[in-house]
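Written out below as structure tokens is the structure these notes cover.
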Amino acid sequence: MEKKPFVTLEQLKEIEKTYPTPYHLYDEKGIRENAMKLRQAFSWNPGFKEYFAVKATPNPFIMKLLKDCGCGVDCSSLTELMLSKACGFSGSEVMFSSNDTPPEEFAYAAQMGAIINLDDFTHIQCLEETLGYIPETISCRYNPGGVFKISNDIMDNPGDAKYGMTTEQIFQAFQILKDKGAKHFGIHAFLASNTVTNDYYPLLARQLFELAVKLKEETGAHISFINLSGGVGIPYRPDQEANDILAIGQGVKQVYEEVLVPAGMGDVSICTELGRFMLGPYGCLVTKAIHEKHIYKEYIGVDACAVNLMRPAMYGAYHHITVMGKEDWPCDHKYDITGSLCENNDKFAIDRMLPKIDLGDFLVIHDTGAHGFSMGYNYNGKLRSAELLLKEDGSVRMIRRAETPADYFATFDFCGLFQELK
Ligand SMILES: *Cc1c(COP(=O)(O)O)cnc(C)c1O
């Protein structure tokens, strides 16, 4: 897939008059169109809802934009719940899919009327002790163990993952929850991450639908929704083919009609908790070349670093880079593109063939819209950047300001030492 930035050099020069680099930029038009396409893909299922995984891009402007497109939110922590509440999400618009959950977070989620998705069998007791009751609507997270394969390719390794209940546990859990008053059940599983294939959801759906039929038969529980969670990926590399969400929706529909409908379960709603797919391609990290260095290798130092985008340093993840204004130049220079952390893994690209880079060039680092800014941190005293939204009318709105040193020192406020730094 050709990797083309959603922003032009002229637009970046205009933005620079108000906002210095580095910053994350999001594409409102792309976000909306993609969200609408997802809706269309599952329009055959009247109860369908996407619960946007807040951890991917926890920004209230983005969350409200998705709310406009009919999305709910998937939260996994207290602050994500608080943020969602502030954005106007409530009740069944909120899925609380957390793990190793602090009891007070169960209490907060229940107070919001969120749907609680239990990660573990022992959480039943924890939840009941915390709330004093079991909610009427409840979900359980499933982990079948083993490896998740598509044909002969191992996609991921659920047997090694900390999440979810075993098959035996989920049967027991449904029975116990039902005895304690639960009336509407959900089943959730997240078995492979960043899949770039149209087969993941349909294969996962088959496993969960077959499980649902057995759970209903054995426990008599009313299954009201099945949550396919996240994991539909994006083509970070130019040689990858993007997923076709319409084909994915049709694939799930086929399995639904094959497994659920004949079992008299044609009223089950499908839920998703996509993060990467909703936002990944519609965000980029904009940075400028500020140094070049010629030692044993050729380095370009940019004004962003791994605190702004951790994926390359953490996973060795590939993020495509466009040198703005030089799209048609030959890629005849081999560079490491680095940030300024005192960590040798602070590199956005290693041995990457790119056009000749001059100081002051804008570099657009692609596909940072999900798990980009949100994985940021403050190592080396580095500050988090601003987030900007490129609106459909071409204007730009700041949706999060950049951190200042005062933010960095704010957690010392209690001792008065740093007042003069504010
Ligand atoms: C991270 C996460 C998601 C989103 O995953 P993506 O790969 O971004 O789609 C959804 N649900 C849960 C429970 C998660 O932890």
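First listed ligand is number 1; within each ligand, the first listed atom is number 1. The figures that follow rest on heavy atoms only: side chains count, while hydrogens, waters and symmetry mates do not.
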Could you tell me whether a side-chain N or O of Ser90 sits under 3.5 Å from a main-chain N or O of Met112, the two making a donor and an acceptor? no

Decide if atom CG of Asp393 counts as having more than 12 heavy atoms of other residues, nucleotides or ligands within a radius under 6.0 Å.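 Count over threshold, so yes.
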
Could you name each residue pair satisfying ring pair (Phe, Tyr, Trp, His ring centres under 6.0 Å) that touches residues 238-273, not counting sequence neighbours? Trp44-Tyr256, Phe209-Tyr256

Which parts of the protein, at residue level, reach under 4.0 Å of ligand 1 through a heavy atom? Ala53, Lys55, Asp74, Ser97, Arg141, Phe190, Ser229, Gly230, Gly231, Glu273, Leu274, Gly275, Arg276, His371

Qualifying side chain to side chain donor-acceptor pair (under 3.5 Å) pairs with a residue from residues 338-347, counting only residues at least two apart or across chains: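 Checked against side chain to side chain donor-acceptor pair (under 3.5 Å) - neighbours excluded - the pairs reaching residues 338-347 are Asp336-Lys347, Ser340-Lys382.
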
Would you mind checking if Arg206 and Glu258 are paired as a salt bridge, meaning a charged N to carboxylate O distance below 4.0 Å? yes

Side-chain donor-acceptor pairs of residues 260-281 under 3.5 Å, sequence neighbours excluded:
unit_1, atom_1, unit_2, atom_2, d
Asp267, OD2, His222, NE2, 3.3
Thr272, OG1, Glu50, OE1, 2.6
Glu273, OE1, His188, NE2, 2.9
Glu273, OE1, Ser229, OG, 2.8
Glu273, OE2, Ser97, OG, 2.6
Glu273, OE2, Asn227, ND2, 3.0
Arg276, NH1, Tyr236, OH, 2.8

